[in-house]
Structures are given as C-alpha cells and as structure tokens.
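One structure below.
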Amino acid sequence: MSAQVLSGKTMSESLRLEIASRVTALKERGLTPGLAVILVGNDPASEIYVRNKGNGCTEVGMYSRTINMPAETTQEELEAAIEELNADSAIHGILVQLPLPKHLDEQAALAKILPEKDVDGFHLINAGHMLTGTEGVVACTPRGALHMIKSTGVNLSGKEAVVIGRSNIVGKPMAMLLLKENCTVAMCHSRTQNLAEHTRRADILVAAVGKAGFVTADMVKPGAIVIDVGINRVDGKVKGDVDYDAVKEVAGWITPVPGGVGKMTITMLLMNTVEAAERMLK
Ligand SMILES: NC(=O)C1=CN([C@@H]2O[C@H](COP(=O)(O)OP(=O)(O)OC[C@H]3O[C@@H](n4cnc5c(N)ncnc54)[C@H](OP(=O)(O)O)[C@@H]3O)[C@@H](O)[C@H]2O)C=CC1
Ligand SMILES: Nc1nc(=O)c2c([nH]1)NC[C@@H]1CN(c3ccc(C(=O)N[C@@H](CCC(=O)O)C(=O)O)cc3)C=[N+]21
Ligand SMILES: [Mg+2]
C-alpha cells in the first residue's frame, strides 16, 4: 500500500479561491490588501520564494511590493525601510526575508515590524501568542503544515507527534501547534540521541532539518502522517528532507516537494495578509 499524497497544490487552489473572494469584499469597501517583502542581498533561493509570493498576490488580487536592498545595507537603513512600511497605509503585511546577511541583527529588525503587520508571525508578540495559545498571527509554514495534517481527518488528540528541527521559524512553532491539538510532542534536533527510536513512534512526523533525503523508510511508523518541510537544492532540483520514494511505501500520508508545504506556506502568507487587512477595517 502506498501513502496518500497530501497535495499542497490542490489544497492551495481552494484556499486561494476563498482568499480571493475576501480580497474582493475588502476592495468593495475601498481597501486593497498589500504585502511588502524586504529582500537584502541576492540569495538565489530567496529570489524564487519572493517571486512565488509576488505571483500568489497577483493570483488573489492583492497589491505586492518588493523592496530590494543591497547586501551591504546597514542595520539603520533596514530599520528605516521597515518603519516606512509600518507607516504606509497601502501595506498590511510586512515580511523581511530571512536569513539576513551576517552583519545584520535579525531579532532587532523583526522587533521593528508592527505586530499587526507581522504576517510571518515572527515578532516576539506573535511568538508569545503562539507559546500561550492565545490569538495572534501564526507563522505561515507551521500553519500550512497543520492544515495539511488536519486534512487527513485523523483525530490528533493523544497522538505521538515528532518534529525534527527546532528553529524559531518552523520547528518550535510547529511543535506548539501540535501541542495545542493535544498531541504528545517530541522536539528532536542535532543533539538528539537515537533519533530513529523517537521518529518510529511518531503518528505524525514533521521533518524540518534542511538535509535532502534525511528521513529514511526505516525511521517511519507504518501508516504515519509524514510532513516534509525541507527545501534543498540538489543538482538544480528541489528536494525535501524525506526520502520520498521509499517513505511513501511505509507512510499513510505524505507531502511532496515541490508542491507540498512550500506551496501552503505562500497560501498562508496570503491568508495572514488578508486577515491583517480585515482587522484594519474592524
Ligand atoms: N517549505 C517551506 O515553506 C519552508 C521550508 N524551509 C526549509 O526547511 C528546512 C529547515 O529550515 P529551518 O528550520 O529554517 O532550518 P535551520 O537550519 O534553522 O534548522 C534546522 C534544524 O535541524 C536540526 N538538525 C540538523 N541536523 C540534524 C540531525 N542530523 N539530526 C537531527 N536534527 C538535525 C537542527 O538542530 P540544532 O538546532 O541542534 O542545530 C535545527 O534545529 C530547510 O530545508 C529550509 O529550507 C524553511 C522555511 C519554510
Ligand atoms: N521571513 C521569512 N519567511 C519565510 O517564510 C521564509 C523565509 N523568510 N526565508 C526562507 C524560507 C523558505 N521558505 C519557502 C517558502 C515557500 C517555498 C515555495 O514556494 N516552494 C514551492 C516551490 C519550490 C520550487 O522552486 O520548485 C514548493 O515547494 O512547491 C519555498 C521556500 C519560506 N521561508
Ligand atoms: Mg536559520
């Protein structure tokens, strides 16, 4: 038996129709939702992501702006660009593409974004909402991944969830969302001993490691929900963190790369932006 494929493309199509109709409703009230992306330097992977975001905005009728800044931009210049977008009434969502060049302070830059315009959910206020389970902006990748997990219809309460990776942008918020769904959650990382013993217990396994083909079939419990967050460039192709062909013979559900979590991340970014615009009309 081969796993059911959870298509981020198919799920995004219906979600983007819903987003587009909410954009239309806002436009009828005189407000066009706007998303601004700040890109410092020219990392090729970031440029693909920025392009996909721009196309997504066009697809749902949103306004999109990309601010390209040179690699040698100073902290003061970056923060001034953020402040300008905070004050701009055409902009409802601000995203600072990470990672920033090494000389820049990421946390200080994120702290400058108005929490209401922080559509990434990376500001400390939104990170705090995530930790306390109160209402705030939920980070796009974990939000998209949870949507895919829920689409299986499996009752998550009491299930074993294992997240590999503990970054602030993926692993940690993903673990918090699964905890909120009453999963028993383990967060694994590079210091974890006997990783496969943890992953083999997982009813829900999320891989956010950044290593192509890292999760092999022997690490997966038969019938598990396997969510592949990884985006790795291998010989010019995009590959996930999961050894897809082998794992799909063991898992119950699996997400492809591309066309999986990455697609949903963009969709949830559009969702967070339309929600930010709606809050401004309330
Ligand atoms: N699909 C999407 O929308 C998105 C995809 N990504 C992709 O997801 C992946 C992860 O991204 P991100 O969280 O930012 O990456 P980071 O590099 O910030 O984090 C990687 C995590 O993996 C852990 N790790 C590394 N090696 C091992 C190992 N051998 N065993 C167990 N754990 C290990 C690290 O542990 P430690 O903390 O101990 O160092 C760390 O917690 C990347 O491929 C990235 O491109 C990222 C964002 C969005
Ligand atoms: N402030 C900030 N927020 C982020 O959310 C953020 C970030 N910085 N830095 C980089 C990572 C990476 N990330 C991706 C999102 C979507 C795709 C994506 O669109 N993937 C498609 C296309 C992949 C392809 O090019 O083929 C897919 O998987 O189908 C990829 C990668 C967001 N991140
Ligand atoms: Mg990182």
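Throughout, residue positions are numbered sequentially from 1 according to the sequence presented. Indexing begins at 1, ligand by ligand and atom by atom, following the structure's order.
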Residue, atom and distance of the protein heavy atom nearest atom 22 (C) of ligand 2 read Asn52 ND2, 3.6 Å
Do the charged groups of Glu116 and Arg279 touch, with an N to O distance under 4.0 Å?
no
Short N or O distance, Thr265 and ligand 2, threshold 3.5 Å exclusive:
no
Using heavy-atom distances only, which candidate in Gly262, Ser167, Pro258 approaches atom 23 (C) of ligand 2 most closely?
Pro258
Part of Lys211 within contact of ligand 1 (heavy atoms, under 4.0 Å)
side chain
Close side-chain approach of Glu278 to Leu26, heavy-atom, < 4.5 Å
yes
Modelled atom types, side-chain donor and acceptor of Thr273 and His92, under 3.5 Å
no
Lys/Arg N to Asp/Glu carboxylate O, Lys221 vs Glu160, below 4.0 Å:
no
Measuring from non-hydrogen atoms of Cys188 to any atom of ligand 1, is the shortest distance under 4.0 Å?
no
shortest atom 2 (C) of ligand 2-to-protein heavy-atom contact is with Asp120 OD2, 3.4 Å
Report the C-alpha separation of Arg201 and Glu197 in whole Å, then their side-chain angles, then the decisive distance to 0.1 Å, and conclude whether the salt bridge (Lys or Arg N to Asp or Glu O under 4.0 Å) test is met.
CA-CA 7 Å; Arg201 275 206 302 273; Glu197 282 176 26; 6.0 Å; no
N or O pair under 3.5 Å between Val229 and ligand 1
yes
Take atom 10 (C) of ligand 2 and look for protein heavy atoms under 4.0 Å from it; say yes if you find one, no if not.
yes
Would you call Lys112-Glu76 a salt bridge at under 4.0 Å N-O?
no
Tell me the contacting part of Thr141 for ligand 1: side chain, backbone, both, or neither, using a 4.0 Å heavy-atom threshold, strictly below.
side chain
Short N or O distance, Val238 and ligand 2, threshold 3.5 Å exclusive:
no
Residue, atom name and distance, where the atom is the protein heavy atom closest to atom 31 (C) of ligand 2:
Ile231 CG1, 4.0 Å
Short N/O distance, under 3.5 Å, between Leu98 and ligand 2?
yes
Would you mind checking if Glu18 and Arg22 are paired as a salt bridge, meaning a charged N to carboxylate O distance below 4.0 Å?
yes
Should the proximity of Ile231 to ligand 1, defined as any heavy atom under 4.0 Å, be assigned to the side chain, the backbone, both, or neither?
both
Heavy-atom pairs closer than 4.0 Å: do any link ligand 1 to the side chain of Thr192, the backbone, both, or neither?
neither
Between Arg191 and ligand 1, does any nitrogen or oxygen pair lie at a separation below 3.5 Å?
no
Any atom of ligand 1 sitting under 4.0 Å from a heavy atom of Gly230?
yes
Provide, to 0.1 Å, the distance between atom 4 (C) of ligand 2 and the closest protein heavy atom, together with that atom's residue and name.
Tyr49 OH, 3.2 Å
Looking only at distances, can you tell me whether any N or O atom of Thr265, backbone or side chain, sits closer than 3.5 Å to an N or O atom of ligand 1?
yes
